[in-house]
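Computed from heavy atoms alone, side chains included, the values below leave out hydrogens, waters and symmetry copies. From a predicted model like this one, the values you see are computed outputs, not experimental measurements.
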Amino acid sequence: CHGNHLIRKPSDDMLGTGPDAVCVSCHEPGSAGFVAAQQMRASIERVKTGVTRAEGVVAQAAALGMDTTDAEFALHEAAAQLTQARTYVHAFSASAIEPIAEEGVRDARQAGEQGRLAIHEFHFRRQGLWVTLAILLVLIGGLLVMIREHEPPRPPGKTPPPGGSP
């Protein structure tokens, strides 16, 4: 039915006390229903904000080529909690939505932290690569010096034959 017969598609804008909210058609400002609508909308928005932030961090870590499997799983869990919180709106109780929203915020926070750790690990690996490269260059330089020191001395005036040593 949604989208047909003048029935609007549901959106988060329909919840709360904003201009498109359906709650304000029955609940006066300051009433228990009005306050509950504000609280439910705030809970939904907290989860949405957490998921959006975590998605950005996880996407950045993935773009760096890091393994983001655990972070993506936590992000999926947060999105599932957002969906469940939206479903519990029909319970018309802010206290029913709050624990679900808190779990969603916690999952989003976990996903973001895992993404940040992956980005930190990327930078740590990059620094490690440069340090390893510097050590290898020092070792190669040392080997070249040792090889030159152990070459037999050439007699003065003699040039080595082409393509070989004397």
Side-chain angles (χ1 to χ4, degrees), residues 1-140:
C1 286
H2 294 286
N4 295 319
H5 312 292
L6 300 177
I7 298 175
R8 293 188 333 188
K9 249 186 146 72
S11 72
D12 292 337
D13 292 334
M14 296 174 80
L15 175 64
T17 57
D20 293 331
V22 296
C23 305
V24 294
S25 62
C26 298
H27 299 286
E28 297 289 324
S31 70
F34 191 88
V35 171
Q38 285 178 319
Q39 291 171 341
M40 289 188 291
R41 177 64 185 266
S43 294
I44 298 284
E45 290 302 319
R46 276 197 337 273
V47 180
K48 284 171 52 177
T49 300
V51 167
T52 301
R53 285 182 182 158
E55 283 174 338
V57 173
V58 171
Q60 184 181 2
L64 293 172
M66 300 304 292
D67 179 25
T68 57
T69 306
D70 291 340
E72 288 173 2
F73 180 78
L75 203 51
H76 176 74
E77 289 298 310
Q81 295 303 322
L82 177 59
T83 301
Q84 188 175 7
R86 285 175 173 150
T87 302
Y88 269 72
V89 164
H90 297 102
F92 304 109
S93 168
S95 62
I97 292 176
E98 188 58 31
I100 299 165
E102 281 306 310
E103 190 173 340
V105 168
R106 201 170 31 254
D107 288 339
R109 195 174 299 128
Q110 179 184 4
E113 184 58 31
Q114 289 172 338
R116 280 186 287 283
L117 286 173
I119 292 169
H120 176 72
E121 184 178 342
F122 170 81
H123 292 297
F124 178 76
R125 287 181 183 182
R126 194 176 208 186
Q127 288 173 345
L129 175 66
W130 288 113
V131 169
T132 303
L133 184 60
I135 291 170
L136 287 173
L137 288 174
V138 168
L139 287 174
I140 290 171

If you measure from [atom1] on [X] to [atom2] on [Y], what distance do you get to the nearest 0.5 Å?
{"X": "D107", "Y": "L75", "atom1": "CG", "atom2": "CG", "answer": "9.5 Å"}
{"X": "S43", "Y": "Q38", "atom1": "OG", "atom2": "CD", "answer": "11.5 Å"}
{"X": "M40", "Y": "C23", "atom1": "CE", "atom2": "SG", "answer": "5.5 Å"}
{"X": "E77", "Y": "E72", "atom1": "CD", "atom2": "CD", "answer": "13.0 Å"}
{"X": "H27", "Y": "F92", "atom1": "NE2", "atom2": "CZ", "answer": "8.0 Å"}
{"X": "I97", "Y": "R86", "atom1": "CD1", "atom2": "CZ", "answer": "11.0 Å"}

Name all pairs fulfilling the salt bridge (Lys or Arg N to Asp or Glu O under 4.0 Å) condition that reach into residues 47-67, sequence neighbours left out, sorted by first residue then second.
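Of all non-adjacent pairs touching residues 47-67, those that pass salt bridge (Lys or Arg N to Asp or Glu O under 4.0 Å) are D12-K48, E45-K48.
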With salt bridge (Lys or Arg N to Asp or Glu O under 4.0 Å) as the rule and sequence neighbours excluded, what pairs involving residues 119-133 come up?
E121-R125
Heavy-atom side-chain proximity of S11 to M14 below 4.5 angstrom:
yes
Heavy-atom side-chain proximity of Q110 to Q114 below 4.5 angstrom:
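Yes, their side chains come closer than 4.5 Å.
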Closest non-hydrogen atom pair between [X] and [Y], with its separation:
{"X": "A78", "Y": "V51", "result": "CB-CG2, 3.7 Å"}
{"X": "V57", "Y": "G112", "result": "CG1-O, 3.5 Å"}
{"X": "A94", "Y": "Q39", "result": "CB-OE1, 3.3 Å"}
{"X": "G16", "Y": "A21", "result": "O-CB, 3.1 Å"}
{"X": "A101", "Y": "R46", "result": "CB-NH2, 4.3 Å"}

I119: which of L64, V58, T68 passes side-chain contact (heavy atoms from CB on, under 4.5 Å)
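For I119, the side-chain contact (heavy atoms from CB on, under 4.5 Å) check succeeds only for L64.
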Say whether, by atom type as modelled, one donor and one acceptor occur between the side chain of H90 and the main chain of T87 under 3.5 angstrom.
yes
Determine whether a donor-acceptor pair (N or O, by modelled atom type, separation under 3.5 Å) exists between the side chain of S25 and the backbone of V22.
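The answer is yes, because a donor-acceptor pair under 3.5 Å joins these two groups.
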Hits for side-chain hydrogen bond (donor to acceptor under 3.5 Å, both in side chains) against D13, two or more places apart or cross-chain, chain-then-number order -> R41
Any salt bridge linking E102 with R109? Criterion: basic side-chain nitrogen under 4.0 Å from a carboxylate oxygen.
no
